[in-house]
Every structure is written in C-alpha cells, then in structure tokens.
Amino acid sequence: MTQPATAPQKEAPPSAAKSAGDQGSSRRPVLRWDVRTLSLLGVLAALVAVGGITAPDEFLATSNLQLVLTQASVIGVVTVGMTFVITSGGIDLSVGAMVALASVWATTVATQEFGFAGILFTAVIVGVGCGLVNGLLIAYGRMVPFIATLAMLASARGLALQITDGSTQVVSVESVLDLGAKDAYVLGIPPLVLIFGAVTVIGWLLLNRTTFGRRTVAVGGNAEAARLAGIDVRRQRLYLYLLSGLCCGIAAFMLIVLAGSGQNTNGNLYELDAIAAVIIGGTLLSGGRGTIIGSVLGVLIFTTITNIFALNNLETAVQQIAKGAIIVAAVLVQRRSLHGDT
C-alpha cells in the first residue's frame, strides 16, 4: 500500500525569522529608554513639587527658575561632550580643569583688548587645544583615558594658577557682560540657556542622526569589531576628545559671562558632576549606549537638588550624600538592565 501524500511543511525563511527576532530585540531597548526617560522626568517633577512645597515663594519665582536653568546651562554643555566620550567607552577627568584654563586665558588683559570676539575665540581654541592633546595621547599615544585626562587635569589646573597667580581676572568688556544682563533675555529666557539648548539639539542630532554618532556607539560597544568594519577607531577617538574640548571652551565662555571674571578655581568638580549626570541619564559607563536627553535631565535633576537644598538652608554635606545615593541607584539600575538583556 502506498502512504497517502501529505502536504510538505513550509519552513519559515531564516531571514524572516532573523528579522522577526531583530524586530523584537530592537523594540526592547527603545521601550526601556522611553521608560527611563519618563522615570527621569518623573524624578524631576517630584523635585519641583518638593521645592514648591518646602519653599513655594522662593522656588517657584520666575527669577529662581531662570537661575536654575542658567546654572544648569554651563555644566550642561560640558555634559553633552562627556556623553559622547563615555558612549565611546572613554572618560574625561579634565573637563573642569579645561574650563578653568580656558576661562582665565580668555580673560587676561591682552585677550580682553580684542573685545568680545577675542574672548570667545580664545576660550574655544584653548578648550579645543586641550582636547587635541587628550585625543592624541589616548588615540595615538595609546594611553589609558583615565591616566591621560588625569594628567591634563593636573597640568591645566597648574597652568591656570600660574596665569592668574591666584587672583581673579575681572572682565571689563561691556558686550560680554551685557550678555548676562536681564535686558538680553529673549522672551524671558537667558541667552546662556538658549546656547545650552542649541548645543543639546546639535549634540542629539550628531549622536542619533549621523554616521559620526553611529561610529561613536560602535567604538564604545566593541572597538575591535568597529575596526574590522572599517571604522578608523583612533581617529574617531581623537574627534571625540576634540568635541569634549570644544564643549569645555563654550562652557568657559558661558561661565565668564555668568561670573564676569576668570578664576583658576572655575569648573571645580565639573568632571564629577558631568559624569554623574551622564550615568543617571542612562549612558553606559562601559560604553556602547548613550543618550543626550537623559544626560540633560540628569543635569537638571542635580541642579534642582542643589537649589532646593540652598533655599532650605540645608547642609552641603547632606546634599553630597543625596547626590551619591542617586548615582549608586542609577548604576544599580544599569547593571540590572544589562543582566536583563543577557
């Protein structure tokens, strides 16, 4: 007897199965990032509520909100550059020292003779120059980023101290000082906040919508695989530290406008604040994943905490403990999410 013919089973094409799996796996990170962003927005909203309850007259005043945004703007620009560096798997401990050096170099008497353009150009070029040294040492000198940027931190701080001789360099260029006056506000928004907004938008587009951003993520995820894929890893790392230096130069100019002076103590502990904001924002400290929006929200959260503590006359020590607890919680959440992926 002959067996009855059965219809052959059709197997799904491997490519279809793979694409379906890729779609499922690609949805999970997007969903997780959305949840993380919403969580950060929730934390920020909760802090605003706490500030409104504990010091309603002072915290919710327009002048105070403008102050919070202005203070967040300077460290925020530095944080945008730090986001790129950490996304690539690197670190930059010298950002605060670069801000200090750029601010004092740009406020010397000789520089101020060239007016607004001279101060801005000097601040930016000093920041880029320091970033170039970092990039060359790390990318082509094969130095560990921690060591190279630590050396820059010490050198830049020492040079800033030597330039100022420990004194404050007061800015006398009226056009620079006018940028920080209330008359310069645009629809109630300080110019420094607008600069921060522009840097954030450009940083987001650069990381998420350009080949440069994709290469940055690839280098941070697996540098050897990126090299085999045709990416010049050394050149990419050089560009990233140049970008970090550029952001520090811009932040130095903003700090000059805000303080009306240049000091060798400017940018003190900026490196810790920027790294903390990047981490709680969701960028992986090991590299391969970064978010500009999360980093900006991290900056706003830390600045708001500082403002609330100041308005309520709470000790700085308690403020630092609170920041430390937030950083630890953010790292634990990152580790949990990573283990969930594997």
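The analysis underlying the following values was restricted to heavy atoms, covering all of them including side chains, and did not include hydrogens, waters or symmetry mates.
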Going by heavy atoms in the side chains, are [X] and [Y] under 4.5 Å from each other?
{"X": "Arg157", "Y": "Asn264", "answer": "no"}
{"X": "Ser295", "Y": "Thr283", "answer": "yes"}
{"X": "Gln236", "Y": "Phe212", "answer": "yes"}
{"X": "Leu136", "Y": "Leu238", "answer": "yes"}
{"X": "Arg142", "Y": "Arg234", "answer": "yes"}
{"X": "Leu69", "Y": "Phe196", "answer": "no"}
{"X": "Leu194", "Y": "Val186", "answer": "yes"}
{"X": "Val74", "Y": "Tyr270", "answer": "yes"}

Could you give the distance from [atom1] ([X]) to [atom2] ([Y]), rounded to the nearest 0.5 Å?
{"X": "Ser39", "Y": "Leu297", "atom1": "OG", "atom2": "CG", "answer": "10.5 Å"}
{"X": "Leu179", "Y": "Glu174", "atom1": "CG", "atom2": "CD", "answer": "12.5 Å"}
{"X": "Leu67", "Y": "Gln71", "atom1": "CG", "atom2": "CD", "answer": "4.0 Å"}
{"X": "Leu206", "Y": "Thr216", "atom1": "CG", "atom2": "OG1", "answer": "7.0 Å"}
{"X": "Thr164", "Y": "Gln169", "atom1": "OG1", "atom2": "CD", "answer": "6.0 Å"}
{"X": "Leu150", "Y": "Glu271", "atom1": "CG", "atom2": "CD", "answer": "9.5 Å"}

Without placing hydrogens or testing angles, list every side-chain donor-acceptor pair under 3.5 Å for residues 87-94, not counting sequence neighbours.
unit_1: Thr87; atom_1: OG1; unit_2: Thr83; atom_2: O; d: 2.6
unit_1: Ser88; atom_1: OG; unit_2: Val85; atom_2: O; d: 2.6
unit_1: Asp92; atom_1: OD1; unit_2: Ser94; atom_2: N; d: 3.0
unit_1: Asp92; atom_1: OD1; unit_2: Ser94; atom_2: OG; d: 2.6
unit_1: Asp92; atom_1: OD2; unit_2: Ser244; atom_2: OG; d: 2.9
unit_1: Ser94; atom_1: OG; unit_2: Asn134; atom_2: ND2; d: 3.1

Stepwise side chain to side chain contact (heavy atoms under 4.5 Å, CB included) test for Leu177 and Val173: CA-CA 7 Å; Leu177 299 175; Val173 180; over 6 Å; no

Taking atom types as modelled, find out whether Thr111 and Thr108 have a side-chain donor-acceptor pair closer than 3.5 angstrom.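 Result is yes, a qualifying pair exists.
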
Residue pair [X] / [Y]: nearest heavy atoms and the distance that separates them:
{"X": "Tyr185", "Y": "Pro191", "answer": "CD1-CD, 3.8 Å"}
{"X": "Gly262", "Y": "Val104", "answer": "C-CG1, 3.9 Å"}
{"X": "Ala252", "Y": "Val99", "answer": "CB-O, 3.6 Å"}
{"X": "Thr107", "Y": "Gln112", "answer": "O-NE2, 2.8 Å"}
{"X": "Pro56", "Y": "Thr54", "answer": "CD-C, 3.7 Å"}
{"X": "Ile280", "Y": "Gly298", "answer": "CD1-CA, 3.5 Å"}

When hydrophobic residues are tied together by side-chain contacts of less than 4.5 Å, even through go-betweens, does [X] share a cluster with [Y]?
{"X": "Val126", "Y": "Leu161", "result": "no"}
{"X": "Met143", "Y": "Leu242", "result": "yes"}
{"X": "Val199", "Y": "Val201", "result": "yes"}
{"X": "Val296", "Y": "Ile305", "result": "yes"}
{"X": "Leu207", "Y": "Val233", "result": "no"}

Residues in ring-ring contact (aromatic ring centres under 6.0 Å, His included) with Phe253, at least two apart?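 Once residues adjacent in sequence are excluded, the partners of Phe253 under the ring-ring contact (aromatic ring centres under 6.0 Å, His included) criterion are Phe116.
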
Going through the distances and angles, do Asn64 and Leu60 end up as a side chain to side chain contact (heavy atoms under 4.5 Å, CB included)? CA-CA 7 Å; Asn64 184 64; Leu60 297 177; over 6 Å; no

Look at the side chain of [X] and the backbone N and O of [Y], then say whether any donor-acceptor pair between them is shorter than 3.5 Å.
{"X": "Asn307", "Y": "Thr303", "value": "no"}
{"X": "Ser103", "Y": "Ala100", "value": "yes"}
{"X": "Gln66", "Y": "Gly188", "value": "yes"}

Atom CZ of Phe114: over 12 foreign heavy atoms under 6.0 Å: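 Not more than 12 within 6.0 Å, no.
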
Side chain to side chain contact (heavy atoms under 4.5 Å, CB included) between Ile195 and Leu192, worked out: CA-CA 5 Å; Ile195 295 174; Leu192 299 187; 4.2 Å; yes

Between Ile202 and Val80, is a side chain to side chain contact (heavy atoms under 4.5 Å, CB included) present by the stated rule, with each step listed? CA-CA 10 Å; Ile202 294 172; Val80 170; over 6 Å; no

